[in-house]
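Encoded as structure tokens, the structure appears first; notes follow it.
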Amino acid sequence: MKKKAISLIMMLVLLITSGVPAFAYETKTKNSADSGFNILLLNVDDAIAYLNFSGTRADCAAIVDGKSGTSKITATAYLKRVEGNTKTVVKSWTGLSTTDESFYFDQPYYVASGYTYEFELDAAVTRNGVTEYISISDTDYCG
């Protein structure tokens, strides 16, 4: 009798839980490589890179917002041509920096059409004597 009661309870539990719906949603956007993981940044509130084309002009832009008390943001930007698994730097901008809490980058560069390009910004954000390194990027096709 005890075995029948346990079997009946287990069967009811399985029937009840099998009818529970599961929900999922897509969080990835063109300008976000959101994998579902959130990384806690100590010095950075927000950082995003943009790459858009107008003909063969690549418009490369990035914003890095440091948290309150940020004393310096330095960066290097790269525009890379992507062919398969190979990325070739076609333009780099070095020595970029600001002593503000926000860093803005906006530069055009002309490229060859028919390729995919990646714009990457590597930044060092210093706040309260601690430097945090981040890398952000965006990819687009120049057709």
Side-chain angles (χ1 to χ4, degrees), residues 3 5-143:
K3 287 183 180 181
I6 291 174
S7 295
L8 182 61
I9 291 171
M10 293 299 290
M11 187 173 66
L12 287 173
V13 168
L14 288 173
L15 286 173
I16 291 170
T17 59
S18 66
V20 176
F23 298 99
Y25 65 96
E26 180 73 28
T27 59
K28 192 182 287 188
T29 64
K30 178 181 183 283
N31 295 323
S32 172
D34 187 359
S35 65
F37 293 100
N38 292 320
I39 298 171
L40 177 62
L41 298 173
L42 301 175
N43 296 348
V44 178
D45 271 336
D46 194 24
I48 192 161
Y50 302 96
L51 175 60
N52 294 299
F53 287 98
S54 177
T56 59
R57 187 184 75 207
D59 294 314
C60 306
I63 301 171
V64 177
D65 287 324
K67 293 188 180 198
S68 179
T70 295
S71 57
K72 186 176 185 181
I73 300 174
T74 60
T76 302
Y78 304 95
L79 181 60
K80 303 173 186 179
R81 183 170 60 212
V82 180
E83 297 179 83
N85 292 330
T86 303
K87 296 179 183 180
T88 306
V89 175
V90 294
K91 176 65 177 168
S92 63
W93 295 269
T94 60
L96 309 171
S97 69
T98 185
T99 55
D100 293 333
E101 291 179 353
S102 292
F103 173 83
Y104 302 99
F105 177 85
D106 186 10
Q107 290 290 319
Y109 189 76
Y110 287 88
V111 297
S113 64
Y115 295 97
T116 297
Y117 290 87
E118 177 184 68
F119 170 66
E120 177 183 317
L121 183 94
D122 298 331
V125 182
T126 303
R127 182 176 74 102
N128 299 331
V130 176
T131 301
E132 179 174 53
Y133 300 92
I134 64 165
S135 182
I136 54 176
S137 63
D138 189 23
T139 305
D140 201 2
Y141 178 76
C142 179

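Being a predicted model, the structure only gives us computed values, none of them experimental.
Residues satisfying the side chain to side chain contact (heavy atoms under 4.5 Å, CB included) test with Y133, not counting sequence neighbours, are A124, T131. By the ring-ring contact (aromatic ring centres under 6.0 Å, His included) test, F103 pairs with no residue at all, sequence neighbours left out. Under the rule for a salt bridge (charged side-chain N to carboxylate O under 4.0 Å, His left out), the partners of K87 that lie at least two apart in sequence or sit in another chain are E118. Scored by the side chain to side chain contact (heavy atoms under 4.5 Å, CB included) test, D122 finds Y78, E120, S135 as partners (sequence neighbours excluded). Shown here are the salt bridge (charged side-chain N to carboxylate O under 4.0 Å, His left out) partners of D59, two or more places apart in sequence or in another chain: R57. Partners of R127 under the salt bridge (charged side-chain N to carboxylate O under 4.0 Å, His left out) rule, at least two apart in sequence or in another chain, do not exist in this structure. Under the side chain to side chain contact (heavy atoms under 4.5 Å, CB included) criterion, S68 pairs with E101, sequence neighbours left out. With sequence neighbours excluded, no residue forms a side chain to side chain donor-acceptor pair (under 3.5 Å) with T56.
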Just do the side-chain contact (heavy atoms from CB on, under 4.5 Å) check on Y50 and C60 with the steps written out, would you? CA-CA 6 Å; Y50 302 96; C60 306; over 6 Å; no
Might you work through the side-chain contact (heavy atoms from CB on, under 4.5 Å) test for D140 and D138, ending with a clear yes or no? CA-CA 7 Å; D140 201 2; D138 189 23; 5.6 Å; no
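Once rounded to the nearest 0.5 Å, the distance linking CG of L121 with CH2 of W93 reads 10.0 Å.
The backbone N or O of V125 lies less than 3.5 Å from no partner atom in the side chain of E132, so there is not a single donor-acceptor pair.
When side chains are defined from C-beta on, D65 counts as touching I63, because their heavy atoms get closer than 4.5 Å. Within the 4.5 Å cutoff, the side chain of L41 has no heavy atoms near those of the N43 side chain. A heavy-atom distance below 4.5 Å is not found between the side chains of L79 and V89. The side-chain heavy atoms of S137 and F119, taken from C-beta on, include no pair separated by under 4.5 Å.
Ring pair Y117/Y141: centre-to-centre distance not below 6.0 Å.
Residue pairs that meet the side chain to side chain donor-acceptor pair (under 3.5 Å) test with at least one member in residues 106-116, sequence neighbours left out, do not exist here.
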Tabulate below the donor-acceptor pairs under 3.5 Å that side-chain atoms of residues 69-77 make, not counting sequence neighbours, or state none.
unit_1: T70; atom_1: OG1; unit_2: K67; atom_2: N; d: 3.2
unit_1: T70; atom_1: OG1; unit_2: K67; atom_2: O; d: 2.6
unit_1: S71; atom_1: OG; unit_2: T126; atom_2: O; d: 3.3

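Contact between V64 and V44 at its shortest, heavy atoms only, is CG1-CG1, 4.4 Å. Counting all heavy atoms, side chain and backbone alike, C142 lies closest to A112 at SG-O, 4.1 Å.
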